[in-house]
Amino acid sequence: MPEDLNWAIGGEAGDGIDSTGKIFAQALSRAGRHVFTSKDFASRIRGGYTAYKVRTAVDRVESVVDRLDILIALTERTIHENEDELHEDSVVIYDGERSTMQDVEVPHGATALEVPLKRLAEDAGGAIMLNVVALGAACEVTNFPIENLDESLQKRFGDKGEAIVENNKTAARKGQEYVQEEFETDDFGYDLETTDADYVLLNGDEAIGMGALAAGCRFYAGYPITPATDIMEYLTGRIDQFGGKVVQAEDELAAINMALGAARAGARSMTATSGPGIDLMTETFGLVATSETPLVICDVMRSGPSTGMPTKQEQGDLDMTLYGGHGEIPRFVVAPTNISECFWKTVEAFNLAEKYQTPVFLVSDLALAVTEQTFSPDTFDMDEVEVERGKVVDEDEVDAWLDEQGRFQAHFATADGVSPRAFPGTTDGAHMTTGLEHDELGRRTEDTDVRIEQVDKRQRKVDTAREQEEFDYREFGDPDADTLVISWGSNEGAMREGLDLLAEEGHDVRFISVPYIFPRPDLTEEVQAAEDVIVVECNATGQFADVIEHDVLERVDRINKYNGVRFKADELAADVKEHLAGDAGTQEVEAE
Amino acid sequence: MSSDVRFTDFKSDKQPTWCPGCGDFGTMNGMMKALAETGNDPDNTFVVAGIGCSGKIGTYMHSYALHGVHGRALPVGIGVKMANPDLEVMVAGGDGDGYSIGAGHFIHAVRRNVDMSYVVMDNRIYGLTKGQASPTSRKDFETATTPEGPKQPPVNPKALALASGATFIAQSFSSNSQRHAEIVQQAIEHDGFGFVNVYSPCVTFNDVDTYDYFRDTIVDLAETDHDADNRDQAKDKILESDKEYMGVLYQDEDSVPFEEREGVEGSMAEIPDGAPEGAMDLVREFY
C-alpha cells in the first residue's frame, strides 16, 4: 500500500461536493494528517461534473498524483471521469439503489462498494445527508476514526442548530455501520493513522487575504471573477474588524481606480482579479506607476485568452503582468510558488508597493487559489510580519520637501528614485498628481529635460530595489546535478515531489523555483553550469522560458502544459525523464 | 481647518490653458469659492478629475488632487473618501468624461451615495479633441464626426441620476457666478453624493449652446415655486427636454452617505508597525 491516500468525491455541481470534501479534509487535518486538495469543476452553478480530491499522508504532501484510492461517486460519470486513476486496490463507494447507478461498472478490478446512501440518510433524518453517509463509509474503509468527522460537521452545520449536527453525526455512523456489517473492511488494506500534530488548512486565495490583513491592508475594491473571488469573500467582514472596507465595484475599471484613490488617501490598498479583469485594469497601470501610487494588484490566473476556461489552470498572464500597459511602467511582479508563500508574498507586496511607490503585481494561479493545504500554524507567525511604509512625511517633516515658494515636491527626483509621500490632510503637503508627465510638483510638463528626469527617477526605483532587496530563488534537489529545472508559480510542489521520483530512478536534478518575475534573480551562472536546462510552466509558449533566454542569452528547453490541468508530480517526473532521454529541444505538447 | 481661508488659496500659480472666454473659468472659480465658503482648506481637500478640458482643473487649483484616466474620476473619488472620510472630496468632469466613457461609473456613484460632490462641466461638445459630438450634443448638432448631427437624442444626466436613486441633483450655469457658487456649496453641504451639472459653454466649437442661448432660456428655480423635496416635481422638471433650469432640482434631506452606512470611521492611513493585535486568530480560524 502507498504511504499516502488519494480520496475523492464527485458528482454534479450543486450536489454539495465542495462542502463534503472540505469536511473530510478538515477532519484529516485535525487528526494531524497532512492534506493537499484539488478541485475539478466546471463553469456552471448546477449540473456538470465536479469533484473534490484529497491527498493525505503523515508526511508532507504538496502536489497531486495520477492515482485515486477511494472514490465516492454520486454519479456514474464520476467513475468515467476518473477511470484512468483507478487501480485494483481502489474502492468506489456509490449508491447502487439509485436508478441511475444500477448498471455501474467499476473498472480496473477496483472494489465496487455499494452503500444505500440515500436510504441510510433518510433513516438518519433526511436524504440530503447522503454525502455524509458516504463519508462515514469512507472512514470505515480507511480505518479512520469516525470521531474525527464530528468537529468538522460541527463547523459546517453548527449555525443550523445542534439537531442538524447530531443528525449528520448519526448519518456518518450509519454509513460506517453498514460497511462494517456488509463487508470485510480489513480487505481494503487502508489505514489512516492519526497524529498529535496541529495543522491549519487553507487555500491560496485565503492565504492572500490573510496576508493582506496581516500587512495592514485597509481597502479592497474588486469585481467577482473566478478564481480570485475567494480573496474578496475572505476579506469581506474580516477587514472591517481592523477598520477597513471591501467595496464591490461595478467593474474592474472602477475597482482598480477605487483602490488607487484609497491608496492616495494613505490606506494600504489592493485589488484582485483574473485575466479578463486584468485586461480591463490595464488602462490604469500606467496611472498607478506615473502618479507613484503604492498599489497591490493581484492576478489569479486561469486559462485564457479571452474568457478561455474560467475554472481551469494556466500560467498564461506572465507577459501581461510583466509588460501590460502602454508606455514604460516601472513595476514589481511577484509570484508565490506555494500556499504559504501566497501569505508571505502578499505581505512583501504591500511593503514593496509603499517603499517604492509603484504598482506591485501579485501573480497567483488557479491551482494555488483553489487548493487547500495543511500547514503548521507557526508557518504564518504574525510576529514575523514587518510593515514598511517607506518615505511617508508628516507635518513636521514636510518642510524639508517644500520648494522656495512653499510647494510640496511630491515627485522630487531623489537619488534613489523614491519621493516623499504626504497623505492628504497633511498640513502644507497639498499637491497635484497626474497621469500626464509632470514636474517635481506634479504639474503637467512637456519640457524635454524634465521628462527625462522624471522617467529616469521612476526607473531608478527598480535599480534601488535591486540593491536593497533580495530577489532570490528557492532551490531543491541536487545542487551539482547536470540537469537544471526552473519553474515559477504553483508548479513547485509537483516538481519537488517529482525530484524524489526522478532520484529513485537515478536521475539527479537541480530544481530552482523562482518567486520573483520582475525584478528577478540572475540565473546566468546556474544555467551555464547545467548541461540540460528545462523551464516548466503551465502555458503553451513558455513565457518564463523566454525571459530566462533573454537574460542568459542561451536557449533553454521547455515543458509546457496547457490543457487546463495543473502538473501532477508523477507526470512531471516522466516528462523530465523523457526530455533527458534524448528529444531535448523539441517542445512537449500535451493536449487532451 | 482655518477660518481665514479665501477662495484664492485654492488657486495654483499655473495659468489655465483654456480658451479665452471658456465657461470652465467660471465653473472652477465657483468650485473654489464654494470650498472656501464651506470652511475647507487646500490641505483637507482632494480634487479628482478625469480627461478633457475639465480634467485640467486639478492643475489650476491648489489642493490634494489627482488627474486620472478618461471617465474614471468617480471611482478614484470614492476610494479617497472611503479611505479618509475626513477629507472633502470633489470630483470634476466633463460631459464626455462623465456621461459617455464614465456613464457606468456615474450611475453607480449616484446609487452608492458616497459623501462627495460631483461637478460636471457640460458644454455639449468635445473640446479638447477639437469639436466632435458629445453625449449631450443636440440630435441635429453638426460636427466633424457627425456632419448631419448625432441622430440620437442627448443623454439626460439628471434623469439618469434620478432613476439611479440620486439624493442631490442640481444644475447651474458657469456665467452666473454667484448662483453657481451657491449651488456647488449646497452640493458640498449635502450629506451624500452632490451632483451638479454645470452649463459651461465652449466658445470655440459650440455655436449653438452658447452663453446667449443659456442666458436667454435658463430659469432659476429659486425664482419659481419649485419644491426640491418633492421627487415628482423634480422628475417633471428634469424630463422637460425643452427647458433649462438652474438650482437644486432634487434633494433628499434624509440622505445617509454610503461610508456612514458602512460604518467607516476615520482615516485608514494609520496602521500598526507589524501584524495587527490578535492576528494569530486569523490563522486559528483555519483549524
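Each chain gets a letter, A, B and so on, in the order its sequence line appears, and its residues count up from 1.
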Please state whether the rings of B/Tyr64 and A/His431 are parallel, tilted or perpendicular, taking 30° and 60° as the class boundaries. perpendicular

Within this structure, what is the [atom1]-[atom2] distance for the pair [X] and [Y], rounded to the nearest 0.5 Å?
X: A/Met382; Y: B/Glu277; atom1: CE; atom2: CD; value: 13.0 Å
X: A/Arg218; Y: B/Glu270; atom1: CZ; atom2: CD; value: 10.0 Å
X: A/Glu388; Y: B/Asp273; atom1: CD; atom2: CG; value: 10.5 Å
X: A/Phe423; Y: B/Asn84; atom1: CZ; atom2: CG; value: 10.5 Å
X: B/Met82; Y: A/Ser269; atom1: CE; atom2: OG; value: 11.0 Å
X: B/Ile101; Y: A/Glu283; atom1: CD1; atom2: CD; value: 6.0 Å

Name the option with the most non-hydrogen atom pairs under 4.5 Å to chain B; the candidates are A/Gly425, A/Ala262, A/Pro424. A/Pro424

Less than 4.5 Å apart, any side-chain heavy atom of [X] and any of [Y]?
X: B/His62; Y: A/Arg407; result: no
X: B/Ile271; Y: A/Arg389; result: yes
X: B/Asp13; Y: A/Arg443; result: yes

Measuring heavy-atom distances to chain B, does [X] have an atom under 4.5 Å in its side chain, in its backbone, in both, or in neither?
X: A/Glu386; value: backbone
X: A/Leu260; value: side chain
X: A/Ala263; value: neither
X: A/Tyr234; value: side chain
X: A/Arg444; value: both
X: A/Val247; value: side chain
X: A/Ala215; value: backbone
X: A/Leu287; value: side chain
X: A/Leu213; value: both
X: A/Asp428; value: both

Quick check on [X] against chain A: is it the side chain, the backbone, both or neither that has a heavy atom closer than 4.5 Å?
X: B/Tyr287; answer: both
X: B/Ser63; answer: backbone
X: B/Arg111; answer: neither
X: B/Val283; answer: both
X: B/Glu262; answer: both
X: B/Leu282; answer: both
X: B/Lys81; answer: neither

Run the salt-bridge test on B/Glu259 and A/Lys245 with the 4.0 Å N-O cut-off and return the result as yes or no. no

Stepwise side chain to side chain contact (heavy atoms under 4.5 Å, CB included) test for A/Thr433 and B/His67: CA-CA 6 Å; A/Thr433 189; B/His67 175 207; over 6 Å; no

Go through it in stages, so that I can follow the logic: the residues are B/Asp43 and A/Thr426, the test is side chain to side chain contact (heavy atoms under 4.5 Å, CB included), and I'd like the CA-CA distance, side-chain angles, deciding distance and then a yes or no. CA-CA 6 Å; B/Asp43 288 328; A/Thr426 307; over 6 Å; no

Flag, side chain of A/Asn257 to backbone of B/Val76, donor-acceptor distance under 3.5 Å: no

